[in-house]
Amino acid sequence: MFENEERTNIEKLGEFGLIDHLTKNIKLTQKSSIKGVGDDAAVLDFGGKKTLISTDMLLEGIHFDLAYTPLKHLGYKAVQVNLSDIYAMNGTATQVTVSIGMSSRFPLEAIEELYEGIYLACDKYGVDLIGGDTTASKQGLVISITSIGYADEKDIVYRNGAEEGDLICVSGDLGGAYTGLQLLEREKLVYMENPNIQPDLEGKDYIVERQLKPEARKDIIDLLQDMQVKPTAMIDVSDGLASELLHICKQSNKGCKLYEEKIPIDPMTYETAREFNLDPTVCALSGGEDYELLFTVKQADYDKIKFKLDFTIIGYITEPNAGCNLITKSGNMHELKAQGWNAFGSLQ
Ligand code: ADP
Ligand code: MG
């Protein structure tokens, strides 16, 4: 799905012509970017800092559907999901590399739109595009992004640092990206049955945006730093709250108590989940792709965080033998499972 009507055959440009076309306007902004696109390797210098690297691959048909994903949004999201991993280490993201595999059905204009989204995200978050790879793909569009950043050793937050009594916090709200996806999938089916019917996404902007145009929570990292709160453990919410919290507990060798009533869910997410006969809590626990930050903080930091509206305290860390549990709104206790669909069927 791309908006530009012109179709320039990429073969006319050739691989090097295409790379040059896509990268000619790059201006490196990070001090650590010594050499970007144009040689056999990029050169970076982080002085005395630790380097953070994370990579993610997005495949057409698995991670995205071009029937309802504008290429510009796709490029933007592909960068965001990668930056999110650097922020989840409490780091500063500084560079990305972008590798694409594309089928011959894409004209130059389509790839330009993809890169418009990529550059928009890079600009907004102050990261340099320093390289990549370009190949043909027979299967569809493939985008692989590597994000690079840095942190002082003492500032890095791992998944394994949670301690008994720590407060569990999550930024923003959850389940929106998943309910947005349900909506887009439904409208796609309607459209396939009758192409004359226009998609009905009226009043659903927020959750559609949560799915198509997520924002990595750099602002939360900055906020925590301003408040001088260093989380004891942190992870970004890509697979759903349950799965991420279990990662923290497992790697920290601890248990947890998570309170259903505390889980932040936007009213539009709530309503839409209900429309689809889904339990909003299950959407938050198992939906994924919200790209919020889940982190634990010491109880001693409670006074510093208690009035913050940007994140919510949703539970606390326990000793490991207590297990990982969800306390439902009715006060029952369920074991927290990564795949919550059947496990919490009784909530619906
Ligand atoms: P090599 O043959 O050494 O792999 P390439 O011809 O693939 O080199 O790439 C030349 C330069 O262009 C390198 O700096 C590479 O990082 C960069 N590059 C290649 N493809 C892309 C892309 N899709 N986006 C951004 N930079 C790219
Ligand atoms: Mg190459």
Side-chain angles (χ1 to χ4, degrees), residues 1-4 6-46 51-64 66 69-86 92-150 213-214 216:
M1 188 198 229
F2 57 97
E3 283 156 14
N4 193 322
E6 281 173 61
R7 297 181 68 89
T8 306
N9 194 333
I10 281 181
E11 278 166 19
K12 270 203 232 152
L13 276 172
E15 183 191 336
F16 301 125
L18 175 64
I19 295 171
D20 188 47
H21 183 80
L22 293 174
T23 60
K24 61 178 188 271
N25 293 326
I26 292 178
K27 289 192 180 61
L28 298 178
T29 60
Q30 289 286 343
K31 228 173 49 197
S32 51
S33 302
I34 308 300
K35 173 77 190 178
V37 169
D39 215 308
D40 296 310
V43 181
L44 306 179
D45 181 358
F46 288 106
T51 308
L52 306 171
I53 299 192
S54 178
T55 196
D56 266 302
M57 178 148 65
L58 298 177
L59 303 181
E60 184 177 353
I62 306 281
H63 301 101
F64 59 88
L66 291 178
T69 311
L71 281 163
K72 187 171 170 183
H73 285 67
L74 181 62
Y76 191 85
K77 178 171 177 175
V79 173
Q80 294 299 334
V81 307
N82 275 276
L83 300 184
S84 179
D85 284 318
I86 300 292
T92 303
T94 43
Q95 289 90 10
V96 289
T97 65
V98 176
S99 298
I100 48 174
M102 60 200 162
S103 68
S104 51
R105 78 186 144 99
F106 286 109
L108 176 64
E109 287 75 14
I111 300 303
E112 281 175 341
E113 281 184 25
L114 180 74
Y115 267 75
E116 250 180 67
I118 289 171
Y119 283 123
L120 187 65
C122 287
D123 269 359
K124 190 163 169 192
Y125 286 74
V127 306
D128 292 338
L129 203 173
I130 53 154
D133 201 17
T134 310
T135 73
S137 157
K138 288 196 172 159
Q139 304 301 332
L141 184 60
V142 179
I143 307 169
S144 174
I145 297 193
T146 298
S147 52
I148 301 159
Y150 68 86
K213 200 172 170 290

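Computed from a predicted structure; not experimentally measured. Whatever order the structure lists them in is the order used to number ligands and atoms, beginning at 1. FYI, side chains are in, hydrogens and waters are out, and symmetry mates aren't considered; it's all heavy atoms of this structure.
- Residue-ligand proximity, Val98 to ligand 1, at heavy-atom distances under 4.0 Å covers atoms 22 (C), 23 (N), 24 (N).
- Between the side chain of Asp128 and the main chain of Gln30, a donor-acceptor pair closer than 3.5 Å is present.
- Between Gly132 and ligand 1, an N or O atom pair is found at a separation short of 3.5 Å.
- Panel note: side chain Thr97, backbone Gly131; no donor-acceptor pair is recorded below 3.5 Å.
- Residue Lys24 places its NZ atom among more than 12 non-hydrogen atoms of other residues, nucleotides or ligands, all under 6.0 Å distant.
- Checked against a 3.5 angstrom limit, the closest N/O atoms of Tyr115 and ligand 1 fall inside it.
- Under 4.0 Å from ligand 1, heavy atoms of Thr134 appear from its side chain as well as its backbone.
- Taking all atoms of both residues into account, the shortest heavy-atom contact from Tyr76 to Pro214 is CE2-O, 3.7 Å.
- No side-chain heavy atom of Leu83 sits under 4.5 Å from any side-chain heavy atom of Lys124.
- Counting heavy atoms closer than 4.0 Å to ligand 1, residue Asp39 contributes backbone atoms (N, CA, C, O) but none from C-beta onward.
- The shortest N or O to N or O distance between Gly38 and ligand 1 is under 3.5 Å.
- Contact atoms of ligand 1 toward Phe16: 6 (O) (distance under 4.0 Å to a heavy atom of the residue).
- Close approach to Leu129 involves these atoms of ligand 1, each under 4.0 Å from a residue heavy atom: 25 (C).
- Put simply, part of Val37 is less than 4.0 Å from ligand 1, judged by heavy atoms.
- Residue nearest to atom 25 (C) of ligand 1, selected from Leu114, Ile143, Thr23: Thr23 (by heavy-atom distance).
- Side chain of Gln80 to main chain of Lys213: no donor-acceptor pair is present (N/O by atom type, distance under 3.5 Å, no hydrogens or angles).
- Side chains of Phe106 and Leu114 form no contact here, defined as non-hydrogen atoms less than 4.5 Å apart.
- Put simply, the side chain of Ile26 reaches to within 4.5 Å of the side chain of Tyr119, judged on heavy atoms.
- Of all atoms in ligand 1, listed by their number and element, those nearer than 4.0 Å to a heavy atom of Asp133 are 7 (O), 19 (C), 20 (N), 21 (C), 23 (N).
- Heavy-atom contacts of Gly131 reach the following atoms of ligand 1: 16 (O), 25 (C), 26 (N), 27 (C) (cutoff under 4.0 Å).
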